[in-house]
Number of protein chains: 2
Amino acid sequence: MADKARRPRAFEEVLLQVERRIADDGLRVGDRLPGERQLAEQLQVSRASVREALRVLETLGVVSSQAGRGPDAGAVLTSRPDSALTGLLRLSLGLSSLTMREVIDTRLMIERWSAEQAARRAAPEPSGAMGEAMRAMEAAGSAEEFVEHDIAFHMAIAEASGNRLIEAVMRALRDAMRRYAIEAVERLGDTGVLREDHRRIHAAITSGDAAGAADAVTAHLAHAYPELL
Amino acid sequence: MADKARRPRAFEEVLLQVERRIADDGLRVGDRLPGERQLAEQLQVSRASVREALRVLETLGVVSSQAGRGPDAGAVLTSRPDSALTGLLRLSLGLSSLTMREVIDTRLMIERWSAEQAARRAAPEPSGAMGEAMRAMEAAGSAEEFVEHDIAFHMAIAEASGNRLIEAVMRALRDAMRRYAIEAVERLGDTGVLREDHRRIHAAITSGDAAGAADAVTAHLAHAYPELL
DNA sequence: CCTGGAGTATGGTCTGACCATACCCGGCAC
DNA sequence: GTGCCGGGTATGGTCAGACCATACTCCAGG
């Protein structure tokens with residue numbers, strides 16, 4: 001007999017219906033969902049079940065709830081995948097179901113790819129975010145501060161890749177491993193090597209040297225996490 | 001005054017406490033959380049709020065709830081990040097906040113990397129999962145069936161990379177784009193090119209040819225999604 | 001020793017109430 | 001007429017308590 005496939009829970013039904021409505025009605029970011037009470041009546045479930053479904057959607061970064069009244073109130077469709085990914089990774093690391101090695105390897109894969117893409121596009125770098133982050137790192141007074149600007153530097157590369165999915169994953173990775181990165185910097189003591197790496201990466205990208213950028217990224221991570229690579 | 005930082009909601013407090021407990025008590029996968037009623041009393045919130053928090057954790061793939069009694073009942077810590085990632089991607093695609101191009105590009109990045117890693121490890125492929133999937137694809141009678149085994153083939157590569165995070169992301173990607181993949185196969189009509197690609201990828205990996213495996217993967221995706229690459 | 005049913009702990013769901021927030025709008029003061 | 005101010009109201013946030021469904025535990029009886 002095998003697959004029992006237990007009766008779906010009420011909130012799962014709500015989830016399906018809402019998802020279907022998003023697809024069928026062509027709802028976009030910024031549109032509003034019906035109120036909790038209204039949704040409950042339409043789907044013949046209790047408001048509590050509707051709320052559980054909305055909580056799931058909120059966790060997935062698909063809706064954002066605001067109390068009160070007016071155009072901004074209620075459950076509004078949004079799109080912020082980062083927070084969900086971050087929570088996911090942080091908890092997975094907390095549960096030791098992922099090793100830091102796996103996270104760093106993933107980061108290496110993403111950063112090599114992003115740097116290559118960014119170098120191929122070459123031109124843009126309109127915001128000058130990478131340069132600004134590099135300057136801020138020079139002036140950083142603590143490991144925390146240094147890492148903060150380091151994240152900004154690497155996120156600028158991910159943004160320059162032009163792929164929002166990869167950018168979101170990268171953001172989540174960095175957020176989840178922030179503490180670990182700070183410890184790594186403290187352990188390292190001198191950040192001179194890292195800053196020099198950044199200069200090389202930046203130079204390779206702005207000069208359009210994709211292969212050089214990828215190699216520089218690889219060397220950089222090896223310097224930052226010698227215990228892993 | 002700027003940052004109001006509205007009062008945290010009750011379930012968010014529960015979330016924090018549970019997360020803290022996981023870290024402090026060193027809880028591992030398989031351990032159980034207190035019952036909903038007990039948690040509600042300990043944290044001085046209603047059971048509804050506890051349930052909303054648990055629903056979030058379940059969404060993130062951190063706990064799994066089972067009714068009834070006994071060792072397997074209650075909220076058990078698990079680790080299945082795939083489902084959360086899948087929902088996230090599926091909804092993001094539904095909301096058009098991600099394009100298929102971004103998803104395919106990400107897939108290309110992951111598959112190239114996985115194939116390279118798998119080739120470097122070379123030896124294993126103990127389960128013969130790749131070969132089995134290839135045989136099943138030969139016998140497939142419909143696009144749906146073909147894609148199902150195609151997913152199995154590519155997941156076998158991701159598994160062979162040895163990185164569970166990347167494997168989880170890959171699983172989510174394939175699940176979220178299943179429908180799109182089926183349509184692509186139907187549009188293509190003849191799967192001969194794809195099957196030949198699979199053979200080349202498999203041969204490169206088993207012979208330890210990392211660069212060849214990566215190139216074969218790139219060619220494969222270009223054949224499958226000519227409109228994008 | 002085995003078997004079956006009562007007991008019970010757990011999640012799943014519903015109801016109905018009340019609070020907090022924030023817009024909307026009408027009326028009042030100027 | 002203009003402006004402010006306060007009630008009305010729709011929305012999410014929270015709670016308490018009840019009942020149902022499920023599945024293990026344990027003990028009585030064969």
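Minimum atom distance to the side chain of B:R47 is reached by C:dG11, of the listed D:dT14, C:dT10, C:dG11. Ranking D:dC19, C:dC14, D:dT11 by closeness to the A:R37 side chain, first place goes to D:dT11.
Judged purely by atom type and a 3.5 angstrom limit, B:E102 uses its side chain to pair as donor or acceptor with the backbone of B:T99.
One atom, CG of B:L39, and another, P of C:dT10, lie 11 Å apart when rounded to the nearest Å. With rounding to whole Å, A:Q44 atom CD is found 14 Å from C:dT15 atom C1'. When the P atom of D:dT14 is taken as reference, atom CZ of B:F11 falls 8 Å away, rounded to whole Å. Atom-to-atom, CD of B:Q66 to C1' of C:dG11 comes out at 9 Å; the value is rounded to the nearest Å. In this entry the distance linking CG of A:L43 with P of C:dT13 reads 13 Å, nearest Å. If you measure from atom CD of A:E36 to atom C1' of C:dC14, you get 15 Å, rounded to the nearest angstrom. Rounded to whole Å, atom C1' of C:dA9 lies 16 Å from atom CG of B:L33. The CD-C1' distance, from A:E13 to C:dT13, rounds to 14 Å in whole Å.
Taking a 4.0 Å limit (strictly below) on heavy-atom distances, residues 69-76 of chain A reaches DNA chain C at A:R69, A:G70. Residues of residues 48-56 of chain B that place a heavy atom closer than 4.0 Å to DNA chain C, in numerical order, are B:R51, B:R55.
Between the side chains of B:S64 and B:T78, no donor-acceptor pair of N or O atoms lies under 3.5 Å.
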Exercise. Can A:E159 and A:R164 be said to form a salt bridge (charged side-chain N to carboxylate O under 4.0 Å, His left out), step by step?
Worked result: CA-CA 7 Å; A:E159 281 170 35; A:R164 289 164 297 172; over 6 Å; no
